Amino acid sequence: MPDHLALRPVTEADLDAFDSAFQSESGATPHQWFGFTPNIALREALRTRGLLAGADNMLSVTVDGELAGRVEWLERRWGRRDTSLCWEIAVGLLPDWRGRGVGTRAQRELVRYLFTHTRVERVQATTDPENTAEIRCLEKIGFRLEGVVRRAQWRGGRWHDQLLFSILRDEFGLASG
Ligand SMILES: CC(C)(COP(=O)(O)OP(=O)(O)OC[C@H]1O[C@@H](n2cnc3c(N)ncnc32)[C@H](O)[C@@H]1OP(=O)(O)O)[C@@H](O)C(=O)NCCC(=O)NCCS
């Protein structure tokens with residue numbers, strides 16, 4: 001493949017680009033628009049810990065060195081933190097980069113990163129049943145649908161179901177391409 005996709009730590013300039021791209025319904029897409037979101041917490045987390053090594057974490061996605069979007073991983077617990085922690089991943093591409101295969105590759109790289117650098121057994125993801133692009137990305141990486149979380153998300157004036165997907169360490173296989 002001619003273009004090189006990479007994940008790298010977030011910069012202030014990246015956060016500026018995300019703010020201008022995602023602080024509108026058209027930029028965020030209806031599936032990800034929850035109204036205006038304060039951005040101070042992200043700036044603070046960048047300043048104090050580089051948006052890494054916390055309960056909510058972020059890396060920027062680049063293609064041939066150009067900023068294409070971001071991936072996140074958030075702490076989720078199905079029991080006690082010490083023994084039952086997993087990551088939930090999320091992704092947001094800048095509008096010009098959508099529909100070009102970047103979302104699948106970026107999330108695959110994030111899953112590889114998390115299984116390589118942390119000891120979790122499962123990585124999960126949730127998405128809207130109408131977000132076909134994200135569902136296809138997850139399926140192509142090898143995520144399996146676990147179920148429907150009913151009326152879990154308030155957005156756009158009504159409740160929305162969410163699909164819960166996961167991939168386990170041995171299903172991914174760190175050698176997978
Ligand atoms: C969702 C998102 C990450 C998908 O990444 P992407 O790079 O656009 O998707 P890809 O190009 O890798 O395509 C993945 C699959 O979805 C399909 N697809 C892409 N855009 C689509 C669209 N608008 N409608 C339907 N299917 C679409 C592709 O055809 C491909 O399927 P295929 O391999 O069967 O042909 C990206 O569009 C995005 O950031 N959207 C806004 C934020 C968002 O929705 N994040 C996810 C929140 S849970």
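All residue numbers refer to positions in the sequence shown, counting from 1. On a predicted model such as this, the values are computed, not experimentally measured, just so you know. Whatever order the structure lists them in is the order used to number ligands and atoms, beginning at 1.
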Taking both backbone and side-chain atoms of [X], is any N or O found less than 3.5 Å from an N or O belonging to ligand 1?
| X | answer |
| --- | --- |
| V91 | yes |
| T127 | no |
| T126 | no |

Can you sort out which atoms of ligand 1 are near [X], meaning under 4.0 Å from one of its heavy atoms?
| X | result |
| --- | --- |
| C137 | 4 (C), 5 (O), 9 (O), 12 (O), 14 (C) |
| K140 | 30 (C), 32 (P), 33 (O) |
| Q32 | 42 (C), 43 (C), 44 (O), 47 (C), 48 (S) |

Handout entry: Test item: side-chain donor near acceptor, W33 and Q23, under 3.5 Å
Key = no

Exercise for the section: Could you tell me whether ligand 1 has any atom less than 4.0 Å away from a heavy atom of H31? Expected result: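 Flag not set, H31 not near ligand 1.
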
Problem - Whether G92 lies under 4.0 Å from ligand 1, heavy atom - result: yes

Practice task
Answer yes if the ring centres of W73 and Y113 are under 6.0 angstrom apart, and no otherwise.
Solution key: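 W73 vs Y113: aromatic centres under 6.0 Å.
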
Handout entry: Within reach of ligand 1, part of R100 (heavy-atom separation under 4.0 Å)
Key =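 Answer for R100: backbone.
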
Practice task
Using a 4.0 Å heavy-atom cut-off, say whether T104 meets ligand 1 through its side chain, its backbone, both or neither.
Solution key: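 The answer is both.
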
